[in-house]
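Numbers here simply count residues along the sequence, with the first being 1. Just so you know, ligand 1 is whichever comes first in the structure, and atom 1 is the first atom listed for that ligand.
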Amino acid sequence: MPPTETITERAIGVFDSGIGGLSVLQALRAEMPQERFIYWSDSAFAPYGERSDAFVIERSHDITEQLIAKGKVKCVVVACNTATAVAIESLRQQYPQLPFVGVEPALKPAIGITHTGRVGVIGTHGTLQSARFQKLLSTVQQEASPKACEFVVQACKGLALAIEQQTEKAQTDVHEVEHLCQQYLHAMGSFGKGPGEIDSLVLGCTHYVFAQDILRRLVGPDVHLISTGEAVAKQTQRLCATATNSRSAQTTEFKQAADAIQLWTTGSLRALAHAAERWLQLPPECCHRVEGTASTIGPSL
Ligand code: DGL
C-alpha cells in the first residue's frame, strides 16, 4: 500500500470460525484498499457448522465484543455463512448502532447463471438446516418461477475442518480435502452443461473458496463456481461509506501492512500466518494470537 494513502481510523471488523473468512477479507481489501481491518479467526472453536446454534451465537457475541475492544470497529462483517445463518439477527439486536454485513449462499445469482436449471449448493450442516437458509431457498424458488430451477443441497460435514487442518499441517497436503470433496460431489449427481446436469455450484461456506482448485478439477471446466466475497465487499463498502460520513471519522496514515491489517486467532498462529501469506500476501507481523485460548483446533460437539 502506498505510504501516503489516507486510511480512515476506525477499522472494519471481520470474523469467521477460522481461516475461511480470509476469502472475504481478500475481496474486502480489493474493494477498499484504504480501510483498516481487524480479522478474527476463531479456529480453537471451529468448526461452527457442526456446533449447536447456542454455541455459535455465544461465540459471535464474544468475538464482536473483542473486536470492538481491539479497534473500535465501525462495522462488522460476519464472514461465515454458519454464523450469519444463526447469529446475525441477535447481533443486530444486541448492537443496534453497529452495522453488520453477513454472507449467505448465492442462490439468487445462481438462478441467473444456470442453463440446465440444476444448481448445486454445498455448505455446512449448520447453514443448510437453518431456518434462514430454508427461507432463502423458498423465496428464491418463488422468485425464479416460471423458470424451473432445482437446487441440489449437500451438507459437507468435516470439509471446513479439513481445509483448516490442511493449512495447519502443510500447504501441499490436500489428500483429506480432496477425498471429502470427491465424496460429496459424487453424492450430488452429475456435473456438466448437458441436460439434467448440475452446471452451477454455489460455495455456501467461506472455507470452500480455498478448495476451489480441487472442486474445479472434480466438476470440470464447464461448471460455474459461485462464491460471495465480491458481493459482500461491495455491500460493506456501501454501508461503511454511510457509517464513515455520519460519524466524521478521523483520518490517519499507515505505512505498513501491519498497521492497516491485524489478524487474530484463537487457534494456531502458524496456520494463520501460512494462510495470510499464501492468500493475502501478508507478512507474519500482521498475525497475533489471542491469549487464554487452546492452541489446537477444538473438537466438534
Ligand atoms: N466458514 C464458515 C462458513 O462459511 C464456517 C465453517 C465451519 O466452521 O464449520 O460457514
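- Remark: R92 is not positioned above the aromatic ring of F100, lacking an NZ or CZ atom under 6.0 angstrom from the ring centre and at most 45 degrees off the axis.
- In this structure, the separation between CD on E176 and CD on E178 is 11.0 Å, given to the nearest 0.5 Å.
- We find that D213 and R216 are not joined by a salt bridge, their nearest charged nitrogen and carboxylate oxygen being 4.0 Å or further apart.
- Side-chain rings of Y39 and W264 stay apart, their centers remaining 6.0 Å or farther from each other.
- In summary, the side chains of D42 and S17 do not present any donor paired with an acceptor at a separation below 3.5 Å, with no hydrogens or angles considered.
- Enumerated by chain and number, the residues approaching ligand 1 to less than 4.0 Å through a heavy atom are D16, S17, P47, Y48, G49, C80, N81, T82, T124, A160, C205, T206, H207.
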### Task
Could you please spell out the steps behind the side-chain hydrogen bond (donor to acceptor under 3.5 Å, both in side chains) verdict for H125 and E50?
CA-CA 6 Å; H125 175 75; E50 289 149 42; over 6 Å; no
